[in-house]
Amino acid sequence: MSPQATVHDIDQRPAVTSLRSKDLLGIFELTPDEITLILDTADAMKEIASRPIKKVPALRGKTVVNLFFEPSTRTRTSFEIAEKRLSADTLNIAIATSSVVKGETLADTALNLEAMHPDMIVLRHSSSGACHLLSRICRSAIINAGDGMHEHPTQALLDAFTIRERKRQLKGLKVAIIGDLLHSRVLRSNILLLTRMGAEVWVCGPPTLMPADIRRFGVTATSSIEAAVTGADVIMLLRIQLERMEGAYFPSLREYFNVFGMTEARMKLATPDVMIMHPGPMNRGVEIASEVADGPYSVILDQVANGVAVRMAVLYLLAGGAEHEEAA
Amino acid sequence: MKRLLKGGRIVDPANGIDGVRDILIDGERIARVGSNLPTDGATVVEIPDGLVICPGFIDMHVHLREPGQEHKETVATGTASAVAGGFTAVACMPNTSPVNDNANVTTYILDKAREANLARVYPIGAVSRGSQGELLADIADMRNAGCVAITDDGHPVKTAILLRRALEYAGMFGMPVIEHCEDPSLKGDAVAHEGYYAASLGLRGMPGACEALGVERGVLLAELTGSSFHVAHMSARASLRAVRKAKEAGVHVTCEVAPHHFTLTDEALAAPVAYDTNTKMNPPLREAADRDAMLDGISDGSVDAIATDHAPHHYDEKKVEYDRAPFGIVGLETAVPLSLDRLVHAGRIRLSRMVELLSVNPARILNVPGGTLSEGAPADITIIAPDLKVRIEAAKLRSRSKNTPFDGWELRGGVAATLVGGRPLYVNAETRISL
């Protein structure tokens, strides 16, 4: 956006070489330097995917448990590929939770896993704060793979990585995030990351799906999609869950698309080299027209590809980075 | 047995007294109050400097959990917690298992209280059978067995028509209807106050309007019926506005505020420990403007009582994901330190006003004995140490449950001794009082 901006953070040496926390609970806990470190590390990791033998020994001898209490294809697969490329021993545990049948508590499940000395636990859970609970009772590194409506930090990191690849830096960019703002953990992580890195964030959705006090997050909030996308460098669509209609958040999916759907006509208001992003899974014809999703400005599949590199970077850094590798 | 409490400052707003007096206790009653009373064969108790003698504090909103949830609390452990916290009497909510909606359960609770023989217990009966909101509970039977008010606490009375009938019917006995004010559809499955902190933590929020709608409904029906309506655990500034307006209009409405609602805000959900389930209660910790409004209401007289909403839960129940944890915290042993520190020492109210909030007014609202140090009254006495440095330690609470957000807090002001019917049931050795 700003022509005066000459700082290319991609070219800068990261000011830190390791993460302070043993866990990745959210973007909230990360400093801008730590975010830059993860993104720079992901640059190196991405190169591994282009090799004929896509495997490095960085996490050899480390055990990573993927503990998923919510269905997930993309995120779980992405973590698993990342772990395998780093030579970690991985274990997938998918637990269907039911509020009716009460089984073991989350704390007990975690303590039982912990007794077998895993190094990291990747947790996806429907309750906000579930990773904080685990972090307090486990010695293992806890990686948040999405907790309720709270955060999804690796998604925001891969989004930032994807933007940085194209735009070289995040600072000064206008990023419009459109959709179900109220229930989205992707939104919360992205707002924290993008505002911390100096982007100008606009959020847009019906007032019924707008979190309370959203302006205190340092964003511009609007229900006008035209205002949100005008001059935008990046447009990020969020999934509209079909059951929101029953909660009377909006009258119908058709009406939602008419008022808030990302169409080619609306895209013309953005900058000429706008990026169209979506964390998936997409509802074609609800939050995004197929022509936009499949069009030349869409980087939706790049996001998926970058997800592996970013998760490798997070796993590598939390395992101790180069320090651990030397010890091994 | 006779005891002469000698040379202490007594604060007895019901009799307009704030000064040094002697109190002669004869058996279960206060025999005389005056200056330089003769010893008259009584054991003399010299009151150390700095202690203040007050009419016994009455907590009009506690959950004793018995029958049915004895792993959280029993009448015995709850009343032990009460006397350690300076309360000579408690009124217990009917959401036990089974619900206190008939004279048998009321009698059971009172039997347990008699066995424990600690703080006095005033049961509060249910408005509706099983608190299901369909049919009226056995209100007259429960009153005869010892209930002093009715409520469906935990939830609002289900319909306006049932609340109207309850007010009309209980009004015949002069019993107040105590209401957990809340609009269920606005609450939904919320677990926190709707605002910045719930939004940033990804927790579902309920706005203050959710509570205020319940208050507005209640005061309109109290006006219609002419009966007494009491707002439980008020937390939202819009609720306070509704109460003030109703009082000005002459409606018989009273309200209570819990110490956590005049002390904490929803910021406590994020820090120092994010998602601490001991910050989860209903109504929730609200934003600063609401907390400040509660303080204003306490200062200006709009708020009638401080009540703890003492809600014990086992640690197993609280050591879970935030949205799955039960609502509520224990409050009996932290109320007096918080009131002294946050209200009196903060310069918001005088000690006599604190005694009104904790003793005089609860007795008046529930129409129970106490609230005064008059000659002939039961010797229910709370002696406080306003300048005692107190450190709250959850592990040391007498309550069976330890779910408090105030663990480790250092506060100015505590309890020196608690006497029920003339018997010293709690004595704090740190205050050098010997009873």
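All values below come from the heavy atoms of this structure, side chains included, with hydrogens, waters and symmetry mates left out. Chain naming here is simple, since letters A, B, ... match the order of the sequence lines and numbering starts at 1 in each.
- For B/His314, the NE2 atom sits in a packed shell: over 12 heavy atoms of surrounding residues, nucleotides or ligands are nearer than 6.0 Å.
- Heavy-atom distances place the side chain of A/Ile137, and not its backbone, under 4.5 Å from chain B.
- The local environment of CZ in A/Arg136 is crowded, with over 12 non-hydrogen atoms from other residues, nucleotides or ligands closer than 6.0 Å.
- Under a cut-off of 6.0 angstrom, the local environment of CD in B/Glu267 is sparse, with at most 12 non-hydrogen atoms contributed by other residues, nucleotides or ligands.
- Comparing B/Ala198, B/Gly188, B/Gly205, B/Ser200 by heavy-atom pairs within less than 4.5 Å of chain A, the highest count is held by B/Ser200.
- Aromatic rings of B/Tyr275 and A/His150 (six-membered ring for Trp) have centroids within the 6.0 Å cut-off, being under it.
- The heavy-atom pair separating B/Ala274 from A/His132 by the smallest distance is CB-CD2, 3.7 Å.
- The nearest pair of heavy atoms linking A/Ala212 to B/Glu194 is CB-CG, 3.8 Å.
- For A/Arg215, no part lies under 4.5 angstrom from a heavy atom of chain B.
- To the nearest 0.5 angstrom, A/Leu106 atom CG is 10.5 Å from B/Lys319 atom NZ.
- B/Asp323 is listed as a side-chain neighbour of A/Ser127, based on a closest heavy-atom distance under 4.5 Å.
- For chain A, no part of B/Thr277 is nearby; none of its heavy atoms comes within less than 4.5 Å.
- Residues passing the side-chain hydrogen bond (donor to acceptor under 3.5 Å, both in side chains) test with B/Glu410 are B/Arg391, sequence neighbours excluded.
- Here the CG atom belonging to A/Leu133 is positioned 11.0 Å from the CG atom belonging to B/Asp276, to the nearest 0.5 angstrom.
- For a residue to count as touching a neighbouring chain, one of its non-hydrogen atoms must lie under 4.5 Å from one of that chain's; by this rule A/Arg188 touches chain B with the side chain only.
- The candidate from A/Gly129, A/Ala107, A/Pro211 with the greatest count of non-hydrogen atom pairs under 4.5 Å with chain B is A/Gly129.
- A distance of 7.5 Å separates CD of B/Glu321 from OG of A/Ser126, quoted to the nearest 0.5 Å.
- Counting non-hydrogen atoms of other residues, nucleotides and ligands closer than 6.0 Å to CZ of A/Phe217 gives a total above 12.
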